[in-house]
Structure formats: structure tokens, C-alpha cells
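Single-structure report; data block below.
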Amino acid sequence: PYTTLFRSHSSSPQDASSAADQLPPTPKTCFDANHMNNLYEAMLKPYTGLPTRDLKSGFFKTYKTCFTGKDLIQWIKDFIKSKCPNCNNNSTTSAMESYFAEMGQEYAQRIADYLLTHDKIISMNQAAKSNESKKAKQFEQDYSNNNKHVLDSVQAIYKFSQRKHVVIIGGGFGGIQAYQLLRDDFDVTVIDAKENFEYNPDMYLLVSDPSQINFISLPYAKLIKRATFIQKRVTQVNKDHVILENNDVVKFDYCIVCTGTNANYSPFPIDNESINSCVFPYTSKNILDKYNMFREAQRIAVIGSGPVGIEIVGELCSQYPNKQITLIAQQPVFLERMSEAAHKSIYKTFSNFANLKMMTSKRVIGINNKKVQYRLHAASEQQQQAEAALVDELEADAFFICLGGTPQTALFNTSMSQSLDAKTHNVLVNDKLQIVINNGKTTSAMDANQSFSKLANSLPHYPNIFALG
């Protein structure tokens with residue numbers, strides 16, 4: 001659309017100057033509204049668009065994510081030049097350089113003024129203060145007399161009247177990292193059902209000292225200072241908006257889903273009598289709500305020997321030496337996904353706890369009447385069938401369920417169910433983390449051990465909706 005600027009170019013500087021004489025007096029006759037919107041959209045893009053930064057107006061005010069008039073006009077000049085069809089032609093380089101030296105500034109100025117008068121950008125300059133320098137006062141006077149004219153000056157400060165809107169669902173590690181990376185280039189909204197961010201790796205400290213909540217929890221209101229925070233649960237994601245639990249609608253240009261996993265996950269049944277004695281130690285609320293219960297318990301069973309289970313066992317054994325702790329692991333070693341050295345180290349450490357009983361290769365099949373029901377975890381299906389009847393029980397007063405979680409993808413069930421794997425309910429994405437639309441082939445491909453990544457990249461996808469986990 002920008003080639004209309006250069007419709008009369010030729011290979012000589014003289015002809016280029018002649019073409020400049022034919023230029024229309026205002027950008028409107030050269031650009032229609034759609035063309036100007038396209039330029040504005042390009043200006044808003046991160047990395048390739050107009051860079052923004054924090055700028056000071058005199059000594060009195062610092063504005064966030066702004067740019068100077070000089071930045072703006074230079075970017076427009078570079079952008080127009082990049083769209084010129086002859087700029088990459090060596091035979092016309094000299095002519096084009098001459099043309100842009102003479103007319104590029106004028107065009108850029110007109111376009112910048114168009115953006116200002118159409119409220120695409122706004123000026124951040126304020127009236128000069130009495131103790132500012134004479135030069136600053138003169139600038140402010142010039143500015144007040146030209147309030148619809150973009151001043152090509154480093155003293156003139158502007159910002160976008162609007163930027164692309166990104167909605168981030170989930171305020172965990174992924175969501176906060178996305179917010180920190182995008183806040184300078186987008187208007188960001190973070191949505192989470194919780195009031196506070198929690199540092200999960202230290203959650204085990206609450207088992208012995210509830211006051212540690214002050215060190216592992218931080219209100220989102222303090223953490224998210226350059227974005228909007230909404231404390232609500234998202235019930236539905238659509239192609240350009242999300243719906244909250246109170247039926248409010250939040251529109252977006254881009255959406256990043258960082259909902260994590262369901263903290264109250266158990267792969268086996270738990271009866272009503274036992275559920276109140278179970279702790280799922282993945283949120284502070286789950287631990288603190290059951291604190292008095294497990295503090296009074298004399299026999300505690302910890303199910304799961306991953307990082308969370310190991311931390312919980314270490315805290316319980318060291319801080320409650322008079323309690324009997326039992327660790328039940330499905331695998332023959334603890335911390336199965338780590339190195340052999342880690343397996344040996346943790347086993348050696350735990351062997352020093354007199355109040356700890358360690359059980360490996362045991363698969364829990366349920367908790368009933370405050371008894372853990374388990375059997376030997378067999379490698380083959382044939383062995384499992386042979387040992388199905390061999391069920392043992394372990395009685396306890398409290399149970400820590402440390403088996404991870406299932407993906408929180410219920411918000412996709414209504415409008416984007418085709419983006420969920422039929423078996424695991426995981427969100428399907430391509431290699432750019434864009435959510436893909438499942439056509440029924442993905443599950444069969446995984447069953448056949450085909451390359452899921454290659455298949456996902458060939459599927460249709462939502463270009464503006466991403467999933468980080």
C-alpha cells in the first residue's frame with residue numbers, strides 16, 4: 001500500500017526531485033485510513049516496531065514506555081524507505097538516498113501529525129515549571145503553540161494511545177515470566193483465581209512453620225505493577241476473548257494460557273472418611289487448612305517420591321521426630337528421574353531418620369477407612385494380573401498425596417475442546433506454542449509413535465492463543 005508514495009520514481013536524482021514536486025499536500029490523499037492503520041499496526045509490533053522506554057519530562061515526571069518525537073519521525077522514515085520497491089536496486093540507490101534526504105523528513109512529519117491528530121499517539125509533555133531552564137521553557141511554549149504538530153525533538157515525549165492487549169491466564173511462574181517479558185511492549189492483563197503469587201519450591205516449609213507464608217507468598221497487587229490484575233477464575237477461552245466466572249468478558253489481541261495443573265489430584269479413589277485426612281501440598285491453602293490435623297497425627301503416610309514428596313518427608317522427619325513417617329514410592333528408587341548419585345544420596349540421608357519407614361515398588365490403589373491400600377508394583381501387565389489379589393494395607397492418621405497433578409484445561413471444554421488430547425486432556429500446541437485444532441489424527445499418531453511435533457505443525461491453529469503450561 002505504500003508504493004503510492006513512490007509512483008513517479010526514476011533512476012536519476014533530478015527525476016526523483018521532480019517526483020517530489022508532485023507529492024500530495026497531506027498524507028490523506030496518499031494513504032487511506034486502512035493504510036494508516038497498517039502503518040500503526042507495524043509500529044506497535046514488538047521488536048520490529050517503534051521501541052519504547054521510560055523517559056523524563058524535565059526533572060519532575062518519568063513516563064513509562066514512551067518515545068521521543070525524534071524517535072517517531074526517524075522510525076517512520078525508515079519504515080517508508082523499507083517499503084520502497086526501488087530501495088534495494090543498486091542502480092537507483094543514489095537517487096533514492098537523495099530523495100529521502102529531501103522529502104523523507106516531510107512525509108514522516110505529515111504521517112506523525114496524522115497519528116497525533118487521529119489520537120493514535122498522545123503527548124506526555126506538561127507545562128514548564130518555574131525553576132526549569134530558559135531553553136526548556138521555550139520548548140514548552142513552542143509545544144503549546146503546536147499541540148497538533150509532532151515536534152522532532154528529544155524533549156517531546158509521546159506514547160501510544162493504545163497497544164496490543166495480551167491476556168495471561170494464570171499467575172504462576174510461567175504467567176509471571178510472560179508478564180515481565182511483555183509488559184514493555186503490550187498492555188497486559190493477568191488473570192488468576194488466587195490473590196497471591198506463591199513460591200512453590202518452598203511450600204514444604206509450611207509443614208512445620210505456618211509463619212513462612214510471609215516469605216513464600218506475595219500479593220499480585222505488589223508483584224504486578226505495570227499491568228492489570230483480575231482475581232477471577234476463567235471459565236472459557238474463545239478466539240478473541242475470555243469469559244470469567246462472573247460472566248464478564250475480557251477481550252484480547254493475544255492470549256497466553258499458563259494454568260498449570262490441578263493441585264488436588266489423586267489417581268486412586270479416596271473415601272469420604274479419609275479425604276479430610278489428606279493433604280495435597282501444592283498450595284499454601286491446602287497445607288494451612290490441614291495444619292492442625294496433621295500436627296496432631298501420630299502416623300503420617302507420604303505417597304509419592306518425587307521432589308515434593310521427598311521435601312515433605314525430610315521436613316516431617318526432621319521437625320517431628322516423635323511421629324512415625326512412612327514414605328511409599330511406586331518406583332524402586334526415590335527421585336526416579338534424577339541421577340543414580342541422587343538416588344543413593346537421598347536413600348543414605350533418609351536412612352538416618354529413625355522415625356521413617358521407606359517402602360519402594362508399591363503402587364497405591366486407594367485410601368479407605370484411613371488405610372492405604374497398596375500392592376507390589378509389577379513391571380509387566382502379566383505380573384500385575386497375577387498379583388492383583390495381593391493387596392496390603394497401611395493404617396495412618398494423615399496422608400500427604402504428592403503425585404503431581406492433571407492439566408487445568410477445563411476452560412477449553414466448551415469452545416476449544418478440539419484442542420485437547422482425547423486421552424490426557426493436555427493442550428495440543430505446535431513448535432511455536434500456538435494451540436492447534438485437533439483433527440482426530442494426533443492421538444493415533446502418538447499411539448503409533450509417530451512424530452507428534454511434525455504432525456502438530458501441519459495442523460490448523462489459533463494464531464493468537466498460546467499455551468506455556
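Basis for what follows: all heavy atoms, side chains included, without hydrogens, waters or symmetry-related copies.
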Note to self: Once rounded to the nearest 0.5 Å, what's the spacing between atom CZ of R295 and atom OG of S208?
What the structure shows: 9.0 Å
Check: Per the side-chain contact (heavy atoms from CB on, under 4.5 Å) rule, which among I169, D240, I168 passes with C255?
Finding: I169
Item checked: Step-by-step side chain to side chain contact (heavy atoms under 4.5 Å, CB included) determination, I224 to Y179 -> CA-CA 8 Å; I224 301 174; Y179 150 71; 3.9 Å; yes
Notebook entry, point to check: Hey, does I437 have a side-chain heavy atom less than 4.5 Å from the side chain of L459?
Noted result: no
Next item on the list: Check for a donor-acceptor pair, side chain of D397 on one end and backbone N or O of R299 on the other, with a separation under 3.5 Å.
Entry: yes
Next item on the list: Could you please spell out the steps behind the side chain to side chain donor-acceptor pair (under 3.5 Å) verdict for N264 and N286?
Entry: CA-CA 9 Å; N264 297 329; N286 285 352; 2.9 Å; yes
Note to self: With a 3.5 Å distance limit and no angle check, can you tell me whether S161 reaches the backbone of I122 through a side-chain donor-acceptor pair?
What the structure shows: no
Notebook entry, point to check: Shortest non-hydrogen contact from C66 to M124?
Noted result: SG-CG, 4.0 Å
Notebook entry, point to check: Which pair of non-hydrogen atoms, one from C402 and one from I312, has the smallest distance, and what is that distance?
Noted result: SG-CG1, 4.3 Å
Note to self: Let me confirm one number: the CG-CG distance from L428 to D421, rounded to the nearest 0.5 Å.
What the structure shows: 5.5 Å
Check: Is M416 close to I435 at the side-chain level, that is, under 4.5 Å between some pair of heavy atoms?
Finding: yes
Item checked: Step-by-step salt bridge (charged side-chain N to carboxylate O under 4.0 Å, His left out) determination, K344 to E340 -> CA-CA 6 Å; K344 293 180 179 179; E340 183 179 354; 3.4 Å; yes
Notebook entry, point to check: Can you list the steps and then say if T68 with Y158 is a side chain to side chain contact (heavy atoms under 4.5 Å, CB included)?
Noted result: CA-CA 6 Å; T68 69; Y158 302 89; over 6 Å; no
Notebook entry, point to check: Would you find a donor on one side and an acceptor on the other, under 3.5 Å apart, between the side chain of N369 and the backbone of K371?
Noted result: no
Item checked: Taking every non-hydrogen atom, the tightest pair across G304 and L403 -> CA-CD2, 3.8 Å
Notebook entry, point to check: Parallel, tilted or perpendicular for F186 and Y254, by the 30°/60° rule?
Noted result: perpendicular
Notebook entry, point to check: Less than 4.5 Å apart, any side-chain heavy atom of F252 and any of K164?
Noted result: no
Checklist line | Heavy-atom donor-acceptor pair, Q236 side chain to F412 backbone, under 3.5 Å | finding: no
Check: To the nearest 0.5 Å, how far apart are CD1 in I325 and CD in Q298?
Finding: 9.5 Å
Notebook entry, point to check: Aromatic rings F160 and Y40: how do their planes relate, parallel, tilted or perpendicular, breaks at 30° and 60°?
Noted result: perpendicular
Margin query: Go through it in stages, so that I can follow the logic: the residues are K232 and D192, the test is salt bridge (charged side-chain N to carboxylate O under 4.0 Å, His left out), and I'd like the CA-CA distance, side-chain angles, deciding distance and then a yes or no.
Written below: CA-CA 6 Å; K232 286 287 188 298; D192 197 290; over 6 Å; no
Next item on the list: Could you label the plane-to-plane angle of the Y114 and H118 rings as parallel, tilted or perpendicular, counting under 30° as parallel and over 60° as perpendicular?
Entry: parallel
Notebook entry, point to check: Side chains of I243 and D248: does their closest heavy-atom pair fall under 4.5 Å?
Noted result: no
Check: When you measure from the side chain of H343 to the backbone N and O of L335, does any donor-acceptor pair fall under 3.5 Å?
Finding: yes
Margin query: If you count every heavy atom of other residues, nucleotides or ligands that lies below 6.0 Å from K194 atom NZ, does the total exceed 12?
Written below: yes
Margin query: Just verifying a value: how many Å separate L181 CG and I256 CD1, rounded to the nearest 0.5 Å?
Written below: 9.0 Å
Next item on the list: Determine, using ring centers only, whether F280 and F400 are less than 6.0 Å apart.
Entry: no
Checklist line | Y320 six-ring face occupied by K323 cation (under 6.0 Å, within 45°) | finding: yes
Check: So, Y282 versus Y265, ring centres under 6.0 angstrom or not?
Finding: no
Margin query: Testing the basics here: between E336 and Q331, what is the closest heavy-atom pair and its distance to 0.1 Å?
Written below: OE1-CG, 3.4 Å
Note to self: For G260, is there any backbone N or O sitting under 3.5 Å from a side-chain donor or acceptor partner on Q408?
What the structure shows: no
Next item on the list: Return yes if some donor-acceptor pair links the side-chain N/O of Q330 with the main-chain N/O of S361 below 3.5 Å, else return no.
Entry: no
Margin query: Main chain of Y347, side chain of S351: is a donor-acceptor contact present, judged purely on distance under 3.5 Å?
Written below: yes
Notebook entry, point to check: Shortest non-hydrogen contact from R226 to T65?
Noted result: NH2-CG2, 3.7 Å
Check: If every non-hydrogen atom of I157 is compared with every non-hydrogen atom of K56, which pair is closest and at what distance?
Finding: CD1-O, 3.2 Å
Checklist line | Within-4.5 Å side-chain heavy-atom neighbours: F334 and L327 | finding: yes
Check: Does a sphere of radius 6.0 Å around CD in E393 hold more than 12 heavy atoms from other residues, nucleotides or ligands, not counting ones at 6.0 Å or beyond?
Finding: yes
Margin query: Before you tell me yes or no, could you show the steps for T326 and M358 under side chain to side chain contact (heavy atoms under 4.5 Å, CB included), namely the whole-Å CA-CA distance, both residues' side-chain angles and the distance that decides it to 0.1 Å?
Written below: CA-CA 6 Å; T326 302; M358 295 179 283; over 6 Å; no
Notebook entry, point to check: Is there side-chain contact between F399 and K370, with heavy atoms separated by less than 4.5 Å?
Noted result: yes
Note to self: Check whether K290 reaches the backbone of C278 with its side chain - one donor and one acceptor, N or O, closer than 3.5 Å.
What the structure shows: yes
Notebook entry, point to check: Do the non-hydrogen side-chain atoms of D187 and V166 ever get within less than 4.5 Å of each other?
Noted result: no
Check: Does the side chain to side chain donor-acceptor pair (under 3.5 Å) test come out yes or no for E198 and S284, once each step is laid out?
Finding: CA-CA 8 Å; E198 295 182 343; S284 62; 2.2 Å; yes
Check: D209 and Q212: side chain to side chain donor-acceptor pair (under 3.5 Å), yes or no, with the steps?
Finding: CA-CA 6 Å; D209 184 4; Q212 292 293 323; 3.2 Å; yes
Check: Just how far is it from atom CD of E273 to atom CD1 of I367, taken to the nearest 0.5 Å?
Finding: 12.0 Å
Check: Is it the case that N457 and D431 place a side-chain donor and acceptor less than 3.5 Å from each other?
Finding: yes
Checklist line | Heavy-atom check, side chain of F466 versus side chain of V257, under 4.5 Å | finding: no
Check: Side-chain donor-acceptor pair under 3.5 Å between N37 and K120, yes or no?
Finding: yes
Note to self: If you apply the rule side chain to side chain donor-acceptor pair (under 3.5 Å), what do you find for Q74 with D78, and how did you get there?
What the structure shows: CA-CA 6 Å; Q74 184 61 49; D78 293 341; 3.0 Å; yes
Note to self: side chain to side chain contact (heavy atoms under 4.5 Å, CB included), that's the test. Do D54 and Y63 meet it? Break it down for me.
What the structure shows: CA-CA 6 Å; D54 295 348; Y63 296 106; over 6 Å; no
Item checked: Spatial distance of atom CG (D253) from atom CG (N464) [nearest 0.5 Å] -> 8.0 Å
Margin query: Donor-acceptor pair, distance only, cut-off 3.5 Å: does the side chain of N238 make one with the backbone of V242?
Written below: no
